[in-house]
Amino acid sequence: MEKIVVNGGRMLHGEVEISSAKNSVLPIIAASILCKDKSVIENAPMLEDVYVICEVLRDLGCNVYIDKKDNKITVETHNITLKEPNMDLVRKMRASFLIMGPMVAKFGRFKLSMPGGCNIGSRPIDLHLKGLKALGAEVETGHGFVEVDAKKLIGNKIYLDFPSVGATENIMMAAVFAEGETTIENAAEEPEIWDLAMFLNSMGADIRGAGTGTIKIYGVKELHNTCYRPIYDRIEAGTYMVAAAMTHSKIKIKGVNEEHLRPVISKLQECGVIIHTLNNGIIIDGSNKTKAVDIKTMPYPGFPTDMQAQMMTLLTLASGTSIITETVFENRFMHVSELCRMGANIKIDGRVAILDGVKKLTGCEVKASDLRAGAALIIAGLCAEGTTQIGDIYHVDRGYVNIEEKLKKLGADIQRVKV
Ligand code: UD1
């Protein structure tokens, strides 16, 4: 077991390089299943979640090579089999369910363990299954498994009741070889959806409109080899932006696309943070006093739920009262009790959190309850008085590449210790 220890009170300076998006790379690795022979992912983030999806593919018979030195992942699919993957492995991570679409597209059927519950909500898969059924698949669930059988997938019009990221991705991948035209309406518009479509198109798929609410997939016969570089991680970038704002520091975030961060940038500006966009990055200047703001999480291009915990941390010290409404997940306020231990004044009423800004946070022992909650507590530690120890740090390792190294390089007093 490891924990992160932060001595608060240091200003940050310099620049930080952002890794590729975890939420792009997971579906992209799943989509590699569709490739005839070999796909290469460049600048892949070396993260726990990425290793898990690679393990799942290996369990199916793929050769997966992870080159940690060059951040490159190579997937060879010629030995892939229609095997039921190890249940414990699949249940480690909900995103494992993203292999369902490609496996059904490739083999016409697949049986997979139901994704487990998760700390931030029940997260059903009804929309994934609705899409597969619309393409002509028969779906059976029971005894903890989902079994999908499709003699032939045929393009159809699918309307999603909610723009689910995972369902949009799974349906998009399932439809790649479907006969004719598939339309996904009310599709998720996240940049990572666009990235997955670009990866599939780089192998010869014909997907149009990804990144908008209507995606059209025209079935093709086969996908060829590719080498692809995913987009940068907008949530990792947003996390460092909040870290700078929180410590009233000025830093540069390198290599990011301002457009994907617009919802976060606009909220930070409302808080009084000064932001300059450059050709190859963003400069964050947090020298102003932070003002309270209201936030409602929404599907993209709304404010991302994956930035809610970090922004809440910033607002604990803002002048005035902030209201945060979490509309995407039903149970994503588990960091609140930990922030309150550090001195924050937050009340929760269902999906609404009401924050009254306090003068300071004080360091203590806290626990990461999920990935973004863990990041939020590290940020809180950066400006808290004294020492903050964040336990259950394995959650953070699922989604942040070398977080303590990157923060140390920015001047933070932070270290990882074995417990
Ligand atoms: C993805 C991201 C996650 C992010 C989330 C929302 C990955 C690997 N993970 O998760 O970091 O927080 O998008 O931006 O990309 N829902 C249903 N039925 C379904 C599917 C989803 O009701 O069939 C509901 C969920 O319970 C949840 C909401 O839709 O309340 C959003 O889920 P979804 O967009 O599917 O998120 P994920 O793809 O799981």
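Note that the structure is predicted; figures quoted are calculated from it, not measured. Note that these values count all heavy atoms, side chains included, but never hydrogens, waters or copies made by symmetry. Counting starts at 1 for both ligands and their atoms, in listed order.
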With nothing but distance in play, are any N or O atoms of [X] less than 3.5 Å from an N or O of ligand 1?
X: Phe329; value: no
X: Phe162; value: no
X: Ser164; value: yes
X: Ala95; value: no

For the pair [X] and [Y], find out whether any cationic side-chain nitrogen is under 4.0 Å from an anionic carboxylate oxygen.
X: Glu181; Y: Lys216; answer: yes
X: Lys291; Y: Glu270; answer: no
X: Asp149; Y: Lys151; answer: yes
X: Arg416; Y: Asp397; answer: yes
X: Arg262; Y: Glu258; answer: yes

Any luck finding a side-chain donor-acceptor pair between His128 and Asn170 under 3.5 Å?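 A donor-acceptor contact under 3.5 Å links the two side chains.
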Check whether the side chains of Gln308 and His335 place a donor and an acceptor atom closer than 3.5 Å, and report yes or no.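 Gln308 vs His335: donor-acceptor pair found between side chains.
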Show me which atoms of ligand 1 lie under 4.0 Å from any heavy atom of [X].
X: Asp306; value: 3 (C), 4 (C), 11 (O), 12 (O)
X: Ile125; value: 19 (C), 23 (O)
X: Gly166; value: 35 (O), 38 (O)

Please work out whether any backbone atom (N, CA, C, O) or any side-chain heavy atom from C-beta onward of [X] is under 4.0 Å from ligand 1, and answer side chain, backbone, both or neither.
X: Leu127; answer: both
X: Ala167; answer: neither
X: Thr305; answer: side chain
X: Tyr300; answer: neither
X: Arg94; answer: side chain
X: Val328; answer: both

Ala188 near ligand 1 by a heavy-atom separation under 4.0 Å: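 Ala188 does not count as a contact of ligand 1 under the 4.0 Å cut-off.
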Could you tell me if any non-hydrogen atom of Arg332 lies under 4.0 Å from any atom of ligand 1? yes
If you take the nearest heavy atom of each of Asp126, Leu371, Leu129, which one is closest to atom 18 (N) of ligand 1?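 It is Asp126 whose heavy atom sits nearest to atom 18 (N) of ligand 1.
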I need the Thr297 OG1 to Ile324 CD1 distance, nearest 0.5 Å.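 Those atoms lie 9.5 Å apart.
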Going by the side-chain hydrogen bond (donor to acceptor under 3.5 Å, both in side chains) test, which pairs reach into residues 47-62, not counting sequence neighbours?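 For residues 47-62: Asp49-Arg398, Glu55-Arg58, Asp59-Lys83.
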Between side-chain atoms of residues 239-246 and protein atoms elsewhere (two or more places apart, or another chain), which donor-acceptor pairs fall under 3.5 Å?
residue : atom : partner : partner atom : Å
Thr239  : OG1  : Ile235  : O            : 2.7
Thr239  : OG1  : Gln310  : NE2          : 3.1
Thr239  : OG1  : Tyr400  : OH           : 2.7

